[in-house]
Amino acid sequence: MTRPNPAAAPEEVPVADIATGALIDHILVCYHEAHRRDLPELILLAEKVARVHAGNPALPQGLAELLRETAGLLEMHMKKEELILFPAMRRAPSALVAQPIRVMREEHDDHGEQIRRLETMTDGFTPPPGACRSWTALYRGLGHFVTELEDHIHLENNVLFPRFETPAHA
Ligand SMILES: [Fe+2]
Ligand SMILES: [Fe+2]
């Protein structure tokens with residue numbers, strides 16, 4: 001898995017001080033692009049592990065399907081942000097976007113539920129004893145994806161969205 005591009009958000013600048021347009025650019029490059037790059041690889045790997053280890057009782061049943069479902073939900077969600085919410089935020093610092101933000105927060109809760117299902121299914125991304133390289137790489141990649149998704153949601157819920165929810169920006 002590729003780490004987010006640090007050039008998009010210089011580390012010396014606290015994230016709270018990044019201007020809204022640059023913060024949105026950072027989210028798009030470091031998270032939206034990263035999820036779109038990582039999830040198809042993880043789905044392929046999950047399918048390979050399921051094929052090679054069919055019949056192994058430690059194999060999580062339905063992991064590739066759950067990942068496909070997660071990718072579909074995430075894609076629809078990111079499209080809404082990219083086509084509706086983020087352009088409105090870029091256009092006006094006082095954009096009236098309370099309703100779309102509410103919807104995005106609800107969808108973030110749904111993503112949290114998907115994360116919990118992934119964690120439960122994989123025993124917290126812990127490969128079974130003697131797991132092969134692919135199985136180990138799959139769980140390492142899943143752990144990385146989940147960490148990035150949680151960081152992504154945190155940035156939107158706790159840094160970006162509040163800029164449009166406070167009375168000063170209403
Ligand atoms: Fe996002
Ligand atoms: Fe989001």
Side-chain angles (χ1 to χ4, degrees), residues 1-46 63-122 124-125 138 140-170:
M1 300 298 130
T2 313
R3 295 298 306 169
N5 173 12
E11 279 179 19
E12 62 270 19
V13 180
V15 80
D17 294 343
I18 299 176
T20 295
L23 180 58
I24 289 172
D25 289 341
H26 173 66
I27 288 169
L28 293 175
V29 171
C30 293
Y31 299 107
H32 287 212
E33 282 184 21
H35 298 332
R36 287 185 173 117
R37 189 174 54 236
D38 292 347
L39 274 168
E41 290 178 20
L42 290 170
I43 291 168
L44 283 177
L45 202 48
L63 178 57
E65 289 74 13
L66 177 57
L67 279 175
R68 273 197 291 273
E69 184 184 307
T70 301
L73 287 173
L74 208 47
E75 183 58 37
M76 283 192 292
H77 174 84
M78 294 192 298
K79 274 270 162 25
K80 287 181 212 170
E81 290 178 341
E82 291 163 12
L83 297 176
I84 300 167
L85 183 58
F86 290 171
M89 288 175 163
R90 285 185 197 274
R91 272 195 305 272
S94 58
L96 297 175
V97 286
Q99 174 59 18
I101 285 176
R102 253 195 306 278
V103 175
M104 294 302 100
R105 284 188 182 280
E106 286 172 10
E107 293 184 1
H108 290 168
D109 291 344
D110 296 340
H111 301 155
E113 182 57 33
Q114 295 290 113
I115 288 172
R116 281 187 288 281
R117 288 173 66 194
L118 282 169
E119 287 173 338
T120 302
M121 193 178 272
T122 60
F125 313 118
L138 171 62
R140 192 186 313 117
L142 282 174
H144 175 83
F145 161 71
V146 162
T147 298
E148 290 205 329
L149 181 54
E150 287 172 339
D151 289 349
H152 176 185
I153 291 172
H154 165 73
L155 257 190
E156 292 178 350
N157 276 358
N158 302 320
V159 181
L160 179 62
F161 293 172
R163 295 182 182 188
F164 295 84
E165 293 171 313
T166 60
H169 292 96

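Ligands are counted one by one from 1 in listed order, and the atoms in each one are counted from 1 as well. Not measured: the values here are computed from a predicted model.
- No option in Lys80, Glu75, Lys79, Glu81 other than Glu81 meets the side chain to side chain donor-acceptor pair (under 3.5 Å) test with His77.
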As a quick check of understanding, evaluate ring-ring contact (aromatic ring centres under 6.0 Å, His included) for His111 and His152, giving each step before the final call. CA-CA 11 Å; His111 301 155; His152 176 185; 8.0 Å; no
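- Using bins of under 30°, 30° to 60° and over 60° for the plane-to-plane angle, the ring pair His108/Phe161 lands in the parallel bin.
- Qualifying side chain to side chain donor-acceptor pair (under 3.5 Å) partners for Glu106, counting only residues two or more places apart in sequence or in other chains: none.
- Put simply, the residue from Asp151, Asn157, Asn158 that forms a side chain to side chain donor-acceptor pair (under 3.5 Å) with His154 is Asn158.
- Taking 2.8 Å as the criterion, His111 does not count as a coordinating residue of the Fe ion (ligand 2), since none of its N, O or S atoms falls below it.
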Leu160 and Leu155: side-chain contact (heavy atoms from CB on, under 4.5 Å), yes or no, with the steps? CA-CA 6 Å; Leu160 179 62; Leu155 257 190; over 6 Å; no
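- Of all protein N, O or S atoms, those under 2.8 Å from the Fe ion (ligand 1) number 4.
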